Protein chains: 2
Amino acid sequence: MRAILEIQKQLMPDMIEMLKKRYTILHHIQVSRLVGRRTLASSLNMTERVLRGEVEFLKTQGLLEVESYGMRVSEAGQKLLEQLEPMIKELFGLSDMEKQIRDAFGLEKVIIVPGDSDQSPSTKKELGRAGASALRKMAQEAGVIAVTGGSTMHEVANHLTPTTPLKGSLFVPARGGLGESVELQANTIASIMAKKTGGQYRLLHVPDHLGEEAYQSLIQDPNIREIIEVIRDTRIVVHGIGEAIVMAKRRKLDRNTIDRLLADGALAEAFGYYFDREGRVVHKMPTAGLRLEDLQNTKVIAVAGGRSKGESIASVLKYGKEHVLVIDEAAATEMMNHLQ
Amino acid sequence: MRAILEIQKQLMPDMIEMLKKRYTILHHIQVSRLVGRRTLASSLNMTERVLRGEVEFLKTQGLLEVESYGMRVSEAGQKLLEQLEPMIKELFGLSDMEKQIRDAFGLEKVIIVPGDSDQSPSTKKELGRAGASALRKMAQEAGVIAVTGGSTMHEVANHLTPTTPLKGSLFVPARGGLGESVELQANTIASIMAKKTGGQYRLLHVPDHLGEEAYQSLIQDPNIREIIEVIRDTRIVVHGIGEAIVMAKRRKLDRNTIDRLLADGALAEAFGYYFDREGRVVHKMPTAGLRLEDLQNTKVIAVAGGRSKGESIASVLKYGKEHVLVIDEAAATEMMNHLQ
DNA sequence: GTATGCGGGACATTTCGCGTCCATGGTTGC
DNA sequence: GCAACCATGGACGCGAAATGTCCCGCATAC
């Protein structure tokens with residue numbers, strides 16, 4: 001059943017909303033037994049006119065009977081509600097979680113895709129699709145878009161398509177080298193995105209494990225300085241979230257640093273910053289690019305998934321710079337468990 | 001899956017159309033591999049602007065990629081089409097049949113509900129629901145509505161609901177006594193419909209097995225004459241269709257008549273007329289009310305279902321007075337088999 | 001070079017959704 | 001028996017979205 005709904009959602013995204021709306025109305029009438037339009041409208045937070053349109057529709061469908069003193073659901077309506085219930089439960093399950101997580105972390109929007117990225121690659125693809133769609137919606141006009149690396153971001157890049165604003169956009173890596181393998185580096189992701197959307201890209205090559213001295217002289221270079229300026233002026237950031245220790249090992253940090261991360265309780269990682277359970281920054285990768293303090297006027301989209309990452313995602317969100325969060329069902333469930 | 005679609009069809013009837021439209025567009029693009037907007041628009045019988053809207057939508061959904069020399073479906077689009085196929089087959093299966101039957105018999109509209117009334121009572125109920133809905137759509141203004149008897153018509157009556165035009169309507173039996181049991185008589189059906197819709201009803205009591213002489217004096221009665229006048233002036237007729245021999249036996253016709261019906265090749269029965277395979281009237285029940293020749297300016301809705309009735313339905317349709325046909329899938333399949 | 005068909009921008013028009021107000025009628029409380 | 005109240009349903013007008021129409025720049029084919 002869920003599969004069918006997912007398919008339909010792709011071809012008609014507002015259908016689900018409609019379904020929920022009509023179900024809610026019908027359900028509300030059912031529990032009220034006999035209720036008037038105004039009363040119903042105010043208890044459903046709808047304007048009377050909109051509700052009226054819906055009621056008229058439900059009436060012509062024979063699901064509702066209107067009498068002189070209010071309306072009640074018909075027998076057919078009763079039956080429909082009954083059949084509808086499991087579907088609604090499933091539908092509301094995710095959107096309920098979306099709402100709760102949104103409010104718990106003060107986000108603008110949360111999107112949950114069904115499944116567990118840890119288990120199935122198709123969920124990860126779905127996550128990418130949803131992330132790409134969130135970016136498309138966010139990018140109403142051309143501008144600079146900074147991205148990070150990682151396999152999830154790679155999926156996001158793969159699902160981007162050309163739209164007018166994206167075509168005029170400039171994709172840049174949020175930060176310089178972060179020790180990832182080439183195909184998952186932020187630079188690579190930025191270039192894939194540019195290719196997929198028809199936009200431009202600029203790269204920031206900062207070799208890993210650079211000494212302080214060499215680093216200072218590097219960022220004095222006019223070309224590097226300029227691209228860093230561009231990055232810090234970005235309008236939209238799209239980033240993944242990783243587990244601190246996993247990321248540290250993948251980036252081959254030295255034993256010393258890893259021990260310190262452990263001692264500091266580092267749990268999550270996002271564009272080179274390590275966060276502890278309370279969302280405090282406990283470590284920072286030595287490379288150039290976007291800093292957390294540059295995020296004042298920037299819209300931030302976080303994309304991550306998998307049961308194992310639930311806690312990490314919550315940590316990063318506690319720092320609180322994100323506006324839009326795209327996660328999968330497993331991560332969402334995990335986050336909910338830690339909310340209470 | 002079908003159950004879900006049925007539920008959704010009730011809550012959002014145009015959703016299905018939308019789904020089909022978008023699928024058709026996507027599918028068409030897929031088989032064309034690379035195609036332009038104008039070409040596509042004309043081959044899909046759409047105006048360019050409408051198609052453009054759809055294409056723009058599909059593009060933002062990432063299902064479509066637009067290049068300078070045309071458009072193609074994206075990878076995600078391919079996958080979606082694949083997943084969509086069984087759903088569409090089901091959707092189109094019925095509506096394809098609807099169209100074929102509509103054209104084969106020159107009808108205005110054919111509605112097929114899934115299932116077989118012979119097998120499951122719920123299909124019969126569904127048939128009733130669809131019949132009631134067809135009547136509701138047909139009755140845009142108040143007027144006289146003539147109905148026949150039978151279990152299917154009983155279901156139609158049960159699914160009627162009050163609407164403004166129906167409230168002002170007058171329900172009458174299409175013909176007088178036809179030897180049915182009381183609860184399935186046309187008179188009863190008419191009164192149930194009036195009760196369900198809040199409309200009026202008039203009855204026509206013509207005892208069965210009346211001698212010619214008594215009959216003549218009966219129809220001279222001013223009250224009877226008046227109601228017959230009303231009936232003959234009906235604006236909408238809703239009738240069931242039966243198998244000739246089954247009906248003849250249920251009505252306890254004498255052996256003689258039944259033999260003659262058999263000899264004449266009577267196959268189907270509708271409001272007291274018996275039709276052979278070619279749609280010729282071979283017998284007529286001796287009672288008062290609506291005659292076939294009164295149907296010139298009348299909209300006729302036929303409601304029937306069950307595999308066993310497929311042939312009979314086709315016979316009656318060959319006579320050719322119907323405008324709207326409501327049947328079930330089994331009857332439709334059976335009719336299709338006899339079409340070739 | 002030129003002709004054709006492409007996507008996409010622009011604009012007028014129409015349609016539709018929706019906010020708002022009101023008439024009318026049934027129900028209830030006094 | 002009457003008045004106050006809440007109901008539905010009709011009417012109207014505004015503003016946004018859908019759509020018909022035209023055009024432009026561009027890539028490709030001939």
Side-chain angles (χ1 to χ4, degrees), chain A residues 12-15 17-18 21-22 25 28-29 32-60 62-74 136 140-142 161-169 196-199, chain B residues 12-15 17-18 21-22 25-26 28-29 32-74 77 136 140-142 161-168 197-198:
Chain A
M12 15 188 32
D14 20 353
M15 179 204 69
E17 288 311 309
M18 189 82 112
K21 185 167 78 178
R22 294 193 170 154
I25 294 172
H28 226 95
I29 297 174
S32 311
R33 299 204 77 81
L34 189 59
V35 68
R37 211 169 49 202
R38 274 168 258 266
T39 321
L40 190 62
S42 70
S43 92
L44 283 174
N45 263 31
M46 289 179 156
T47 64
E48 192 196 322
R49 194 58 183 79
V50 175
L51 179 78
R52 187 167 157 186
E54 294 300 328
V55 164
E56 264 159 19
F57 165 79
L58 291 171
K59 199 175 63 182
T60 63
L63 301 171
L64 215 61
E65 282 162 10
V66 176
E67 296 168 20
S68 61
Y69 209 67
M71 48 208 172
R72 63 172 80 244
V73 302
S74 73
R136 250 196 310 272
Q140 288 300 335
E141 49 192 83
T161 50
T163 64
T164 309
L166 286 181
K167 267 185 196 167
S169 289
K196 286 275 184 182
T197 57
Chain B
M12 14 187 37
D14 11 349
M15 178 206 67
E17 289 310 310
M18 189 81 111
K21 183 167 80 179
R22 294 191 170 156
I25 294 173
L26 211 52
H28 225 94
I29 297 174
S32 311
R33 299 203 76 80
L34 189 58
V35 67
R37 208 170 51 203
R38 277 166 257 265
T39 321
L40 191 62
S42 71
S43 92
L44 282 173
N45 264 29
M46 288 179 158
T47 63
E48 189 195 323
R49 195 59 182 77
V50 174
L51 178 78
R52 186 167 158 186
E54 294 298 330
V55 164
E56 264 160 19
F57 165 79
L58 291 171
K59 200 174 62 179
T60 63
Q61 288 299 106
L63 302 171
L64 214 63
E65 282 164 9
V66 177
E67 297 168 19
S68 63
Y69 207 68
M71 48 207 170
R72 62 171 82 246
V73 303
S74 72
R136 248 197 310 272
Q140 288 300 336
E141 48 191 83
T161 49
T163 65
T164 310
L166 286 180
K167 266 185 198 166
T197 57

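Quantities reported herein were computed from a predicted structural model and do not represent experimental measurements. By convention in this document, chain letters (A, B, ...) are assigned in the order of the sequence lines, proteins followed by strands, and residues within each chain are numbered from 1. Hydrogens, waters and symmetry mates play no part in the numbers below; they use all other heavy atoms, side chains included.
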Taking atom [atom2] of [N] as reference, at what distance in whole Å does atom [atom1] of [X] sit?
| X | N | atom1 | atom2 | result |
| --- | --- | --- | --- | --- |
| A:Asn45 | C:dG19 | CG | P | 13 Å |
| B:Glu48 | C:dG7 | CD | C1' | 10 Å |
| B:Met46 | D:dG20 | CE | C1' | 15 Å |
| A:Met71 | C:dG26 | CE | P | 19 Å |
| A:Arg37 | C:dT20 | CZ | P | 14 Å |
| A:Lys167 | C:dG9 | NZ | P | 8 Å |
| B:Glu65 | C:dG8 | CD | P | 12 Å |
| B:Arg49 | C:dT15 | CZ | P | 16 Å |

Find out whether [X] and [Y] are in side-chain contact, i.e. whether some heavy atom of one side chain is under 4.5 Å from a heavy atom of the other.
| X | Y | answer |
| --- | --- | --- |
| B:His28 | B:Ser32 | yes |
| B:Arg136 | B:Thr161 | yes |
| A:Val73 | A:Glu65 | no |
| A:Leu166 | A:Lys196 | no |

| message | Once rounded to the nearest 0.5 Å, what's the spacing between atom CG of B:Leu51 and atom CD1 of B:Ile29? | response | 7.0 Å

| Hey, what do you get for CZ (B:Arg52) to CG (B:Leu40), rounding to the nearest 0.5 Å? | 14.0 Å

| Of B:Val35 and A:Arg38, whose closest DNA chain C nucleotide lies nearer the 5' terminus? | B:Val35

| Should B:Thr47 be listed as having a side-chain N or O under 4.0 Å from OP1 or OP2 of D:dG20? | yes

| query | So, is B:Thr39 close to the C:dC6 phosphate, meaning a side-chain N or O under 4.0 Å from OP1 or OP2? | reply | yes

| Close approaches to DNA chain C from residues 50-62 of chain B, in residue order (heavy atom, under 4.0 Å) | B:Arg52, B:Lys59

| message | Whether B:Arg38 and B:Glu48 form a salt bridge (side-chain N of Lys/Arg under 4.0 Å from carboxylate O of Asp/Glu) is what I want to check. | response | yes

